[in-house]
2 protein chains.
Amino acid sequence: MATIKDVAKLAGVAVSTASYALNNVNKVSPATMKKVQEAARELNYMKNGFASDLKRTKTNTIALILKDLSGPFYSELIKGVQEVTIRNGYDLIACSSVGGAQSTAVKFLKEKRVDGAIILAHNISDDIILESAREGFPIVVLDRKIEHPFVFGVEVDNFHGGYLATEHLIEKGHREIAFVSGPIDSHDNAMRFEGYQEALNHHGIPYQSKWKVFGDFTREGGYRATKMLIAQRDLPQAFFYANDEMAIGGLQALKENKISVPNDISIIGYDDIQLSEYVSPPLTTIRQPKYEVGALAVHVVFQALSKEKMEQYYKLSTELISRNSVKHT
Amino acid sequence: MATIKDVAKLAGVAVSTASYALNNVNKVSPATMKKVQEAARELNYMKNGFASDLKRTKTNTIALILKDLSGPFYSELIKGVQEVTIRNGYDLIACSSVGGAQSTAVKFLKEKRVDGAIILAHNISDDIILESAREGFPIVVLDRKIEHPFVFGVEVDNFHGGYLATEHLIEKGHREIAFVSGPIDSHDNAMRFEGYQEALNHHGIPYQSKWKVFGDFTREGGYRATKMLIAQRDLPQAFFYANDEMAIGGLQALKENKISVPNDISIIGYDDIQLSEYVSPPLTTIRQPKYEVGALAVHVVFQALSKEKMEQYYKLSTELISRNSVKHT
DNA sequence: CTGTTAGCGCCTTCAC
DNA sequence: GTGAAGGCGCTAACAG
């Protein structure tokens, strides 16, 4: 690799001059400028990004940390993040947190390889975030609440979403409503569950723990949870799945047992992923403003970076999307 | 930010000792080890990743460059890349090429911020790749062919896939088969088209240019292309869409015009994206071994990095997935 | 085992 | 407008 030194030598100038010329600092004569640029081209010179970042103690890039880069769920969110990042002249890299403490994500968090981060990955511990955030390195978390002057939160109102979903089911005449839960360590899941309980409560329906089953946010999990309830021959009138993936798994289980949705049983999901519209029957669900979450999150990062005073915590609202998996009355 | 110097000072040792201790180099007594670690904890020390990369001239991370981070298509591919990368103790970052020459992707390519790259983004020009690849920085391209000692190719056999799809349609009794093309600058698309022509040819069916329409690889494009043909009131017996997204758009157009698939017309897609299975009718399509492509691509990067002698070019095969969008005869 | 020291490649005062 | 020199934070000889 050619370095700036080589370029300077070939062009017959000092390194500093070469640096100025290469960075278009208005300090060098057109003639030398040209000489340097030609030398650079000839040597196929490329600057070493690290060296310059090191010197400037600033990377101009922010990281988006996801549990799993390959999930279809994130699509819209990423788009929001990406657009705003680029519009601000920053670079965006995405990295995954698989591998926990050894993951790429943690490395980026701890080793000052980016200027800020957005996290949606509940396998990254609070501790790591707490340790990493600091002045000049703001972190925004999308799936939890952390008290720290340099960590901010952007969240959708999962409590209200859970409430909405449950109330919708109640309004359609259902009283025995199962809640298919995601992982217990998920804050989002917990809030949805609380919304569910509150709606039950508000409508005078006692909460019964037998109607809470676990599905782990995966399709497979939703399938199994549903099968289990079917096997017990004690079905509720409706299912509220804490996310769409599980609902789709549940749909499958129901179909295999010739239980018709929504005639025999109503189901509702959460997230409004793309598939939900295509599944049969199309899934009634709670839509989250994913794009907005992403866009706002980056926005917050930039605000923090420019040391503006601001809220620590933002909450976006959800919306019920009514399709055909809930009985019409 | 505390630096290693501060840690050394606080622990009362030399920087080198601190460095050794922090990196678990088997060279330092348990006592000093402990002292250093405590000092580090107390100062909330975090190493500066750049500085260490700079020194070692090696980053231990590879980049996956995609046209659009938010596309659902890449899911499986990313998984393949990710698993192999991690298994080799490397880090993976994904970045997008939106923005062309100013994109994050190009920056990473040119500025030696990673040790190798995998590219699936046809808006990155061949020139940039040619300029960037070099000894110690191998690049694997997934969507084109480039001659360069340090760029390698992994491709699925799109020619054969196109042939397979077309032949399937022909075997089901269709002779007038439209080809809904993706963007002209897409190499993948071109190969699929050639496969289509070859199959026609092989079965003695003359190719007619009126049956080639453009859909741009988007759902909207497939919808419009299909509408156009419908408006001309001169429909083929079957459609071969160069990807599933377009096929799904086409399905929509057909449905709106009360043209039944597969009774009135047969359609086949390409890619086997997740949605294809759920659409109605489920889409017959060509499956690409996406996971394998990803896994193989990283594998090639590592081989190149370890200077093994190897092929420049790999080709994986495709498979027909028969569902219900083609007439059964 | 521990300390001293020379850079990695680049940017940026500071003199000229 | 240009050049010399210091240093960003870290690693890895090398010497003790």
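When reading the values below, keep in mind they use all heavy atoms of this one structure, side chains included, and skip hydrogens, waters and symmetry mates. Each chain gets a letter, A, B and so on, in the order its sequence line appears, and its residues count up from 1.
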Participant: Heavy atoms of chain B, cut-off under 4.0 Å: which first and last nucleotide of DNA chain C, 5' to 3', fall inside that, if you could look?
Facilitator: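 Under 4.0 Å from chain B, the extent on DNA chain C is C/dC1 to C/dG9.
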Participant: Quick one: on DNA chain C, does B/R56 or B/G12 contact a more 5' nucleotide (nearest heavy atom)?
Facilitator: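 Closer to the 5' end of DNA chain C: B/G12.
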Participant: Around atom NZ of A/K5, are there more than 12 heavy atoms of other residues, nucleotides or ligands at under 6.0 Å?
Facilitator: no
Participant: Check the pair B/R144, B/D126 against salt bridge (Lys or Arg N to Asp or Glu O under 4.0 Å), reporting the backbone distance first and the verdict last.
Facilitator: CA-CA 9 Å; B/R144 66 187 91 188; B/D126 284 13; 2.6 Å; yes
Participant: Mind checking what makes salt bridge (Lys or Arg N to Asp or Glu O under 4.0 Å) contact with A/D6, not counting sequence neighbours?
Facilitator: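 For A/D6 there are no salt bridge (Lys or Arg N to Asp or Glu O under 4.0 Å) partners, ignoring immediate neighbours.
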Participant: What residue pairs, at least two apart or across chains, pass ring pair (Phe, Tyr, Trp, His ring centres under 6.0 Å) with a residue in residues 12-66 of chain A?
Facilitator: A/F50-B/F50
Participant: If we check side chain to side chain donor-acceptor pair (under 3.5 Å) with A/Y291, which of these qualifies: A/E76, A/K79, A/E83?
Facilitator: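 Looking at A/E76, A/K79, A/E83, the match for A/Y291 under the side chain to side chain donor-acceptor pair (under 3.5 Å) is A/E83.
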Participant: By a strict heavy-atom criterion of less than 4.0 Å, which residues belonging to residues 20-27 of chain B are in contact with DNA chain D?
Facilitator: B/Y20, B/N23
Participant: Hey, could you give me the CG/CE distance between B/N24 and B/M33, rounded to the nearest 0.5 Å?
Facilitator: 4.0 Å
Participant: Tell me, which pairs form a ring pair (Phe, Tyr, Trp, His ring centres under 6.0 Å) where one or both residues lie in residues 89-134 of chain A, sequence neighbours left out?
Facilitator: A/Y90-A/F302
Participant: Need the bend value for the helix from C/dC1-D/dG16 to C/dC16-D/dG1: angle between end axes, 5 pairs each end, nearest 10°.
Facilitator: 40°
Participant: Quick one: how far along DNA chain D does chain B reach, first to last nucleotide 5' to 3', anything under 4.0 Å to a heavy atom?
Facilitator: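 That gives a stretch of D/dG9 to D/dA13.
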Participant: Please name all residues satisfying salt bridge (Lys or Arg N to Asp or Glu O under 4.0 Å) with A/R134, sequence neighbours left out, ordered by chain then number.
Facilitator: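 A/R134 satisfies salt bridge (Lys or Arg N to Asp or Glu O under 4.0 Å) with no other residue.
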Participant: Got a sec, which residues hit side-chain hydrogen bond (donor to acceptor under 3.5 Å, both in side chains) with B/K34, two or more places apart in sequence or on another chain?
Facilitator: none
Participant: Would you classify A/S19 as touching base, sugar-phosphate or nothing, given that sugar-phosphate means primed atoms plus P, OP1 and OP2, and contacts are heavy atoms under 4.0 Å?
Facilitator: base
Participant: Where along residues 30-44 of chain B does a heavy atom come under 4.0 Å from DNA chain C, residue by residue in number order?
Facilitator: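 Those residues whose heavy atoms fall under 4.0 Å from DNA chain C, taken from residues 30-44 of chain B in numerical order, are B/T32.
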Participant: Could you give the distance from CD1 (A/I86) to CD (B/Q102), rounded to the nearest 0.5 Å?
Facilitator: 10.5 Å
Participant: Considering residues at least two apart in sequence or located in another chain, which fulfil the side-chain hydrogen bond (donor to acceptor under 3.5 Å, both in side chains) criterion with A/Q312?
Facilitator: none
Participant: Would you classify A/T3 as touching base, sugar-phosphate or nothing, given that sugar-phosphate means primed atoms plus P, OP1 and OP2, and contacts are heavy atoms under 4.0 Å?
Facilitator: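 The residue A/T3 makes sugar-phosphate contact but no base contact.
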Participant: Would you call B/D91-A/K107 a salt bridge at under 4.0 Å N-O?
Facilitator: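 Yes.
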Participant: Looking across every strand, which nucleic acid part, if any, lies under 4.0 Å from A/V15 by heavy atom: base, sugar-phosphate, or nothing?
Facilitator: nothing
Participant: Please give me the minimum heavy-atom distance between B/V301 and B/P138, naming the atom from each residue.
Facilitator: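 Shortest heavy-atom separation between B/V301 and B/P138 comes out as O-CG, 3.8 Å.
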Participant: Any heavy-atom pair between the side chains of A/F217 and A/N189 that's under 4.5 Å?
Facilitator: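 In contact.
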Participant: Would you kindly compare A/T17 and A/L54 by the position of their nearest DNA chain C nucleotide and give the one closer to the 5′ end?
Facilitator: A/L54
Participant: I'd like to check the salt bridge (Lys or Arg N to Asp or Glu O under 4.0 Å) partners of A/E155; sequence neighbours left out, ordered by chain and number.
Facilitator: none
